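The structure appears right after this line, and notes come after that.
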2 protein chains.
Amino acid sequence: MVSDPAHPKVAADVAAFAFLEGAMQVLLVRRRYEPYESYWALPGGGLHPDETLEQAAERELREETGVSDVFMEQLATFSEQDRDPRGRVISCCYLALVDGGRVSLRPGSDAREAAWRPLEELLAEIDRGPVLAFDHDRILQYARRRLAYKLEYQNVAWSMLPERFTMSELRHVYEAGIGRAFEPNNFRRIALGWGVLAEAGERPTGGRPATIYRFAEREPRILAESARYRRAT
Amino acid sequence: MVSDPAHPKVAADVAAFAFLEGAMQVLLVRRRYEPYESYWALPGGGLHPDETLEQAAERELREETGVSDVFMEQLATFSEQDRDPRGRVISCCYLALVDGGRVSLRPGSDAREAAWRPLEELLAEIDRGPVLAFDHDRILQYARRRLAYKLEYQNVAWSMLPERFTMSELRHVYEAGIGRAFEPNNFRRIALGWGVLAEAGERPTGGRPATIYRFAEREPRILAESARYRRAT
DNA sequence: TGCTAATATCGTCACGAGGTCTATAAGTGG
DNA sequence: CCACTTATAGACCTCGTGACGATATTAGCA
């Protein structure tokens, strides 16, 4: 497969995250073919002529894992010459946020299997040495930083939660995505201050029942302006 | 110029900003050839086989405008099928910050001329209708948002200032880049609080002389953590 | 029925960042 | 000597938010 260097191969890869079993998980596929045969990798593949990069990312995610209809945002484009041993491949990477309880994994033809892997464990493993195919270790680290930032900045957590959830569940998503424990009461006060949560009943918990919330608007919205050295009168 | 759709043409474009004559300016080139002949556009061009996208952005900026050795950061990749009438061209766009007093413009072979254009006026013109070639109107709007965010987030203003500057000059860069007036005393207190400014003499101003500052470190650094719902003990 | 444990929710305090405003310092030109 | 300009400095106040304890509501159990 020789490629005209003026027209390199272009691909889209996806770092998809979900909150499952109390931890943040990333969606990986096991490669069926060379190169990196049997390695784990981020789902992704070549751009088709009739689609945008975002459409390619959605299609590859659907084809390789069965996951569709999720929040997606462009991350960055990676263009190092040696990132693919087959030749020049430029990869535009996307961040996807998935409600893990809503989707079921169906590995596609290019993948032996698709699976959620705990993010923290995987990142710790990567710190000790290469794990994923291609430059996907680096891409995953990049995606993780963006995930943390995105959660603090916009109300995108609804993408990773069922329709109805408790304040604890919301907090757990934030704690897992940002990688830090939060004071429950402070988190609660601030989350309610966003003005995007609506009450939707109660749920027994083994202790005092928890209020159930839903997102009043399932559209991305800036949660907090960075309010530095505000304007003069 | 027919292109294999599986291997589209890949280009890098640059939105370069500088603070000149009291206003934020963006660097444009006037196109010499079709399509969009004689239109103003962002500097940019096709990726060479032996370079990364960032290297291509630097090279195109240097070749078309004479500007080199500037702060550069990837913005986003645009892949709409119809963004170039010649066929499928995917453009990876970069944000560049330039010290306008340090560089001199030298238009290259692909450009009739290169010029700084006042950002606010240009954006107002864009609001009234298409102005730049291709989808560069949209890319410029995207770049402007990133510029504002970047200034608040990291100490990248040194890229747009001479070695030595006064607090007023620094504030003017922020006001022009973010598009808002700041209370001088607040700005001063907070800028000094960053801990990255060092005093370097005085300069007469027509009133009380201004303290001259320089950046103690000319490396990107986070200025303010987003401190929301901090961790529990 | 009491007691404890567990979980969620609520109230309060303190501190610091940042806004507003006023005062002072140090030049220029009448 | 005074008015004017520009930069710098201090005082004060509000508000967001981190820290911590108190209260509400269930289950389990003797």
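Chain identifiers are assigned alphabetically (A, B, ...) following the order of the sequence lines, protein sequences preceding nucleic acid strands; residue numbering begins at 1 within each chain. Predicted model only: the values in this text are computed from it and were never measured.
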Show me the side-chain donor-acceptor pairs of residues 18-30 of chain B shorter than 3.5 Å, one per line, residues at least two apart or across chains.
{"residue": "Q25(B)", "atom": "NE2", "partner": "L20(B)", "partner atom": "O", "Å": "2.9"}
{"residue": "R30(B)", "atom": "NE", "partner": "S38(B)", "partner atom": "O", "Å": "3.0"}
{"residue": "R30(B)", "atom": "NH1", "partner": "E113(B)", "partner atom": "OE2", "Å": "3.0"}

Only counting residues at least two apart or in another chain, list the ones meeting ring pair (Phe, Tyr, Trp, His ring centres under 6.0 Å) with Y94(B).
none

Using the test ring pair (Phe, Tyr, Trp, His ring centres under 6.0 Å), find all partners of F71(A) that sit at least two apart in sequence or belong to another chain.
none

Quick one: side chain to side chain contact (heavy atoms under 4.5 Å, CB included) partners of R203(A), sequence neighbours excluded?
T166(A), E169(A), I212(A)

May I have the distance from [X] (atom [atom1]) to [N] (atom [atom2]), rounded to whole angstrom?
| X | N | atom1 | atom2 | answer |
| --- | --- | --- | --- | --- |
| R180(A) | dA19(D) | CZ | C1' | 15 Å |
| F187(A) | dA19(D) | CZ | P | 16 Å |
| F182(A) | dC20(D) | CZ | C1' | 18 Å |
| L170(A) | dT9(C) | CG | P | 11 Å |

Salt bridge flag under 4.0 Å for residues R144(A) and E120(A)
yes

side-chain hydrogen bond (donor to acceptor under 3.5 Å, both in side chains) with E54(B): which residues, sequence neighbours excluded?
none

Across nucleotides 2-12 of chain D, 5' to 3', mark each nucleotide with B, S or - according to how protein heavy atoms within less than 4.0 Å reach it.
---BBBSBBB-

